[in-house]
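On a predicted model such as this, the values are computed, not experimentally measured, just so you know.
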Amino acid sequence: MCHTVTDRRQSMSETGYRLLRDPRRNRGTAFGADQRRSLGIEGLLPPHSTTLSSQVARIHGELSNLHEDINKYLLLSDLQARNETLYYATIMSDPAHFMPLVYTPTVGEACQKFDHIFRAARGLYLPYSAKGRLRELIGNWPVDDVRFIVVTDGERILGLGDLGVNGMGIPIGKLALYTACAGVPPELCLPITLDVGTNNPTYLDDPLYLGERHERVRGEDYHDFIEEFVTATLERFPLACMQWEDFANFNAVPILAKYRDRICTYNDDIQGTAAVALAGIYAALHITGGKLPEQKVLFLGAGSASTGIAGLIAQAMTKEGLSIEEARVRNILFDVNGLLTKDREDLADFQKPFAVDHAPVETFVDAIRAFRPTAIVGVSTVPKLFSQQVIEAMSEINERPIIFPYSNPTSRSECTAEEAYRWSKGQAVFASGSPFDPVEYEGRTFVPGQGNNVYIFPAMGMAIYATQAKRVTDDMFITAARAIAEQVDAASLEKGLIYPPQSDILEASTVAAIKVAEDIFDQGLARLPKPDDVARHIRDSAYRPAYRD
């Protein structure tokens, strides 16, 4: 068949037009004159060609004209959907500024409004109605080599509860940070939401809700669906690591237990949160003095996050001489029904290892007085429970009390930074789950640390990617925690900052990834041979935002 010049031009123009709508290949105004001519996009863009750095400056300018964080989130989401390189170049130009916009706390509001602000499709939505056909749906994903999957069923989004399919904002945001904070290549990442229904009547009654309109699937049917998902996903993507995100405790714990020794997988709410808390404890000890096995930690909240933290701290204590039994009794849990004691009949199996042989204690303040902890950790998702009475009680028994209100978003924090410093008379060693501004107290400026999982999961991701790890172990999280704590310098500790500055998150994550990768190679868990220089291998494997020919 003979093609005319007009046919060829039309074909080239169609190809070029599609190129401008492909977020992974689109350069926008950064296409040069020769590229525009050869790709058939000449005339489809303003004539002046710009650099990537000038495009980043333009995005900064657009954002500066917006006053609501949710609007900034939407602008960045739209940018991610049309020019992925520019999106990451923008975030990585100032990670401390952009992380709260693309993830916590702004992502919480975005998830609550997800069905009302939905724009471009991103990731996979696997509904329960497709049970038996998940392999077919997963086959629709256009990329064959996926290394990281963040999956949620939307039941326990941050501290906001059951958001159903609206929880997709969490996997999308989390994977963006894998790339921005540690250099995991974005094309290897896949966000997934398992839509098994919702028990939230607000969404079931909302005509704009985008998920399936039925109550949540439970029991054997639910776990059969999870099994089909895992099997079908790893058939398609055999090198993928699967991160479980924001599942309810009664599902999160058994899912992790079932799959952790079978596939490369972890639960960030359990293990990532635990590692960032352990990193905070390690760093805090540089201020308070003492050794890890000498600490007592009292937890407010007894869900999978608190038992995960307590379990990892206990394991870390065993590496410094304690038995696991001795270590566990130094991690005390308190929930809405009081102290977790052995005679309570309402405890789940995952809570029982931390139950103590003690008389009932009904108030958190009384638990502080009874056990004299050196640290308190809030994972209750209930705001203001670290009251003035609680902080003052901790200050009475500790010269430098460790105060970690880790619940997020900010509206769910057990106390604010200002409250912790004021009520402790400036003696608290503080870190929170959500960001707080610096605090002035009696002539000193304190910089609150944010115990954000972003210090852990991107580094883990980079190490897993660079080694093609077969499994994820708790020892890898302990290594990551130590690596993060070791990077906190004396100047930061003097200001009360016990995590590396978020402006240095890429380097902090890279250093942690190198340490974890060494562990993976040494434990025989890598699919690749160990390189002569692991550090160089990690740095050479990292994504950097740049337009490539």
Other residues, nucleotides and ligands only: do more than 12 of their heavy atoms fall within 6.0 Å of [atom1] on [X]?
X      : atom1 : result
Asp437 : CG    : no
Lys515 : NZ    : no
Arg536 : CZ    : no

Separation between [atom1] of [X] and [atom2] of [Y], rounded to the nearest 0.5 Å:
X      : Y      : atom1 : atom2 : value
Tyr266 : Ile464 : OH    : CD1   : 5.5 Å
Leu210 : Met168 : CG    : CE    : 11.5 Å
Leu278 : Ile484 : CG    : CD1   : 11.5 Å
Cys241 : Lys470 : SG    : NZ    : 15.0 Å
Asp474 : Ile270 : CG    : CD1   : 10.0 Å
Arg236 : Leu137 : CZ    : CG    : 11.5 Å

Would you mind reporting whether [Y] and [X] have side-chain heavy atoms less than 4.5 Å apart?
X      : Y      : value
Arg24  : Val143 : yes
Pro435 : Pro105 : yes
Asp144 : Phe237 : no
Tyr406 : Val377 : yes
Glu212 : Tyr128 : yes
Arg36  : Leu45  : yes
Tyr499 : Gln487 : no
Phe404 : Glu414 : no

Item checked: Verdict with reasoning, Thr445 to Val439, per side chain to side chain contact (heavy atoms under 4.5 Å, CB included) -> CA-CA 6 Å; Thr445 300; Val439 174; over 6 Å; no
Note to self: Would Leu525 and Thr473 count as a side chain to side chain contact (heavy atoms under 4.5 Å, CB included) here? Give the steps.
What the structure shows: CA-CA 10 Å; Leu525 293 175; Thr473 68; 3.7 Å; yes
Margin query: Working note: Phe430 + Phe446, criterion ring pair (Phe, Tyr, Trp, His ring centres under 6.0 Å); need CA distance, chi angles, decisive distance, verdict.
Written below: CA-CA 9 Å; Phe430 177 90; Phe446 295 94; 10.0 Å; no
Check: Can you check side-chain hydrogen bond (donor to acceptor under 3.5 Å, both in side chains) on Tyr203 and Gln112, steps first, answer last?
Finding: CA-CA 10 Å; Tyr203 297 127; Gln112 289 175 304; 5.9 Å; no
Next item on the list: Report the C-alpha distance between Leu497 and Val488 in whole Å, list the side-chain angles of each, state the deciding distance to 0.1 Å, and finish with yes or no for side chain to side chain contact (heavy atoms under 4.5 Å, CB included).
Entry: CA-CA 8 Å; Leu497 185 62; Val488 183; 5.7 Å; no
Notebook entry, point to check: Where does the angle between the aromatic ring planes of Trp244 and Tyr259 fall among parallel (under 30°), tilted (30 to 60°) and perpendicular (over 60°)?
Noted result: parallel
Next item on the list: Would you sort out whether Ser93 and Thr90 count as a side-chain hydrogen bond (donor to acceptor under 3.5 Å, both in side chains), showing the intermediate values?
Entry: CA-CA 5 Å; Ser93 70; Thr90 300; 5.8 Å; no
Could you tell me whether [X] and [Y] make a salt bridge, using a distance below 4.0 angstrom between a side-chain N and a carboxylate O?
X      : Y      : value
Glu109 : Lys113 : yes
Asp162 : Arg216 : yes
Asp145 : Arg147 : yes
Lys495 : Asp489 : no
Glu245 : Arg156 : no

Note to self: Between Phe114 and Phe118, does the ring pair (Phe, Tyr, Trp, His ring centres under 6.0 Å) criterion hold? Intermediate values first, please.
What the structure shows: CA-CA 6 Å; Phe114 187 82; Phe118 183 82; 5.8 Å; yes
So, [X] versus [Y]: side-chain donor-acceptor pair below 3.5 Å or not?
X      : Y      : answer
Thr410 : Ser413 : no
Tyr547 : Gln55  : yes
Ser407 : Thr381 : no
Ser432 : Gln450 : no
Asp94  : His60  : no

Short side-chain to backbone donor-acceptor contact, [X] and [Y], under 3.5 Å:
X      : Y      : answer
Ser509 : Leu506 : no
Thr479 : Asp475 : yes
Gln35  : Phe31  : no
Glu486 : Ala483 : no
Thr265 : Gln243 : no
Arg27  : Leu20  : no

Item checked: side chain to side chain contact (heavy atoms under 4.5 Å, CB included) evaluation trace for Leu194 with Tyr125 -> CA-CA 6 Å; Leu194 303 176; Tyr125 296 82; over 6 Å; no
Show the nearest heavy-atom pair for residues [X] and [Y], with the distance to one decimal.
X      : Y      : value
Ala96  : Ser503 : CB-N, 3.7 Å
Pro127 : Leu134 : O-CD2, 4.4 Å
Ala542 : Ala182 : CB-O, 4.3 Å
Ala240 : Leu234 : O-CD2, 3.9 Å
Leu493 : Ala283 : CD2-O, 3.9 Å

Next item on the list: Output, in order, the C-alpha distance, side-chain angles, deciding distance and verdict of side-chain hydrogen bond (donor to acceptor under 3.5 Å, both in side chains) for Ser304 and Asn249.
Entry: CA-CA 5 Å; Ser304 57; Asn249 296 335; 2.7 Å; yes
Next item on the list: Using the ring of Tyr209 (Phe, Tyr or Trp, six-membered ring only), decide whether Arg213 places NZ or CZ under 6.0 Å from its centre and within 45 degrees of its axis.
Entry: no
Notebook entry, point to check: Has Lys174 got its NZ or CZ under 6.0 Å from the middle of the six-membered ring of Phe457, at an angle within 45 degrees of the ring axis?
Noted result: yes
Check: Any chance the rings of Tyr465 and Phe148 have centres within less than 6.0 Å?
Finding: no
Margin query: Going by salt bridge (charged side-chain N to carboxylate O under 4.0 Å, His left out), Glu84 matches just one of Arg548, Arg25, Arg122. Which one?
Written below: Arg122
Notebook entry, point to check: Going through the checks in order, is the side-chain hydrogen bond (donor to acceptor under 3.5 Å, both in side chains) test met by Asp246 and Thr152?
Noted result: CA-CA 6 Å; Asp246 287 354; Thr152 187; 5.3 Å; no
